[in-house]
There are 2 protein chains.
Amino acid sequence: MSLPHALLTALIERPGSGLELAGRFDRSIGYFWQATHQQIYRELARLEAAGWIEGTAVEGAKGRKRAYRVLPSGRKELARWTVAGQEPMPIRDEVMVRLRAEAVIGPTALADALAKLAAHHRERLEIYRGIEAKGFTPPPDSRAQKLQHLVLKAGIEYERLRAAFCEEAIALMRDED
Amino acid sequence: MSLPHALLTALIERPGSGLELAGRFDRSIGYFWQATHQQIYRELARLEAAGWIEGTAVEGAKGRKRAYRVLPSGRKELARWTVAGQEPMPIRDEVMVRLRAEAVIGPTALADALAKLAAHHRERLEIYRGIEAKGFTPPPDSRAQKLQHLVLKAGIEYERLRAAFCEEAIALMRDED
DNA sequence: TAGCTCATGTAAGGAGTTACATGATTGA
DNA sequence: TCAATCATGTAACTCCTTACATGAGCTA
């Protein structure tokens, strides 16, 4: 359950409204923790009820826009959570389930689905490499920047591994058919 | 939502009862799709209601043990699902959220939690390598075995990547403090 | 007969998903 | 004024998690 703390982090980086946060969750933070605007609004209400953030109406904006900022107790909560024990996250990988299924009932046309998936991961890989080229060359000096770069590199490795795996599986199924 | 199809696959590999399946989900299948016995019992009831599996009471067993086997319509459903389009799965990675949080509020004692996590991944890596040594040397010939080996190798790569990532993060935080 | 293990469940609640609802402002 | 967009939400549902409940056989 990291959404509240992902939101706290995002709001410390830059205060903003619910929809602005939803936009950021389609990029940056969203690359490793997705959330819809419905979740975000619900969670912002909870964070405010807990006294961790404060929302103030934005005058002159469309609708009833509210800008949120993190309060000292919110920072404290984020610090507490950050060092709390990290349980290994349960893995739920549909692709592996499909391959195990293929192994017992195959051959099937699974390769087509895997080809699309590989393309998706290669796209993601290019996006991440673009972000790295723009934001992290030359390599950063500050501690915060180095940490963010590390997270990005993990994303790059993940996408590379996934794309390569799909292609290996496709090759294996093609050879055996 | 792969649990029903993970169960169908497991039951084709070897018919069994709910608790036997729960045991297998603590190993093999469970390494990439976890499930508790509560989930499994509920899902088995659904699969039986859908006419995909059939459960028969096991005479002479403790309690009211039921053994399940997959019916032809269940095999058909599994084949249908296996080739259905695989949407890229949303990533939810708590560790990355913690590192982003560390970047904005750090330095913190996050390294301790990461060290424990790295140890967990190294353990998993050894388990997988053991399975590979026992079951996949020499490399298998059959298509089904090759696919299962591929899935295992993906697990090995994943654990290796995770452990290395944790260690890199720890090193970075140590150098900067 | 008391406690342990095997075996199957129920109940309550949290988190996420999908579809829909509402109101304000902007631009054609 | 009508549609699009910005902005915030409700409602219903599924899945997963945690804790607890129940009963049957085995063993000390």
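A, B, ... follow the sequence lines: proteins, then strands. Residue 1 opens every chain. Owing to the predicted nature of the structure, the values given are computational and were not obtained by experimental measurement. Values below: every heavy atom of this structure, side chains too, minus hydrogens, waters and symmetry copies.
Less than 4.0 Å separates DNA chain C from at least one heavy atom of each of the following residues of residues 6-35 of chain A: A:Trp33.
With ring centers used as reference points, B:Tyr158 lies 6.0 Å or more from A:Tyr158.
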Nucleotide by nucleotide, 5' to 3', does protein get under 4.0 Å of the base (B), only the sugar-phosphate (S), or neither (-) in nucleotides 22-28 of chain C, counting heavy atoms? -BSBS--
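Under the 4.5 Å side-chain criterion, counting only non-hydrogen atoms from C-beta, B:Arg75 is in contact with A:Ile105. For the pair A:Tyr68 and A:Leu47, the minimum side-chain heavy-atom distance is 4.5 Å or more. When side chains are defined from C-beta on, B:Arg24 counts as touching B:Arg14, because their heavy atoms get closer than 4.5 Å. For the pair B:Asp93 and A:Trp33, the minimum side-chain heavy-atom distance is 4.5 Å or more. Looking only at side-chain heavy atoms (C-beta outward), B:Glu94 and A:His5 stay at 4.5 Å or farther from each other. Looking at B:Phe32 and A:Val97, their side chains come closer than 4.5 Å, going by heavy atoms from C-beta outward. At least one side-chain heavy atom of A:Ile40 sits less than 4.5 Å from a side-chain heavy atom of A:Phe25.
When rounded to the nearest whole Å, the span between CD of A:Glu43 and P of C:dG14 equals 12 Å. Note: CG (A:Leu3) to P (C:dG14) measures 15 Å, nearest angstrom. Between the CE atom of A:Met1 and the C1' atom of C:dG14 there is a distance of 8 Å, given to the nearest Å. As a whole-Å value, the separation of B:His37 NE2 from C:dG9 C1' is 7 Å. Across the protein-nucleic acid pair, B:Arg42 atom CZ and C:dA12 atom P stand 14 Å apart, rounded to whole Å. Atom CD in A:Gln38 sits about 15 Å away from atom C1' in D:dT14, given to the nearest Å. At whole-Å resolution of the value, CD in A:Glu94 and P in D:dC16 are 10 Å apart. Regarding A:Glu87, its CD atom lies at a distance of 14 Å from the C1' atom of D:dT17, rounded to whole Å.
Not one side-chain nitrogen or oxygen of A:Arg92 sits closer than 4.0 Å to the OP1 or OP2 atom of C:dG16. One finds no side-chain N or O of A:Tyr41 lying less than 4.0 angstrom from the OP1 or OP2 phosphate oxygen of D:dG9. A sub-4.0 Å separation between OP1 or OP2 of D:dT17 and a side-chain N or O of B:Gln39 is present.
You'll find that the side chain of B:Tyr68 is closest to C:dG9, out of C:dG9, D:dC16, D:dA7. Across D:dG9, D:dA7, D:dC15, the shortest atom-to-atom separation from the side chain of B:Arg46 is found for D:dC15. Closest to the side chain of B:Thr36, out of C:dT17, D:dT18, D:dT8, is D:dT18.
For the side chain to side chain contact (heavy atoms under 4.5 Å, CB included) with B:Leu71, the lone residue among B:Lys76, B:Glu48, B:Glu54 that qualifies is B:Glu54.
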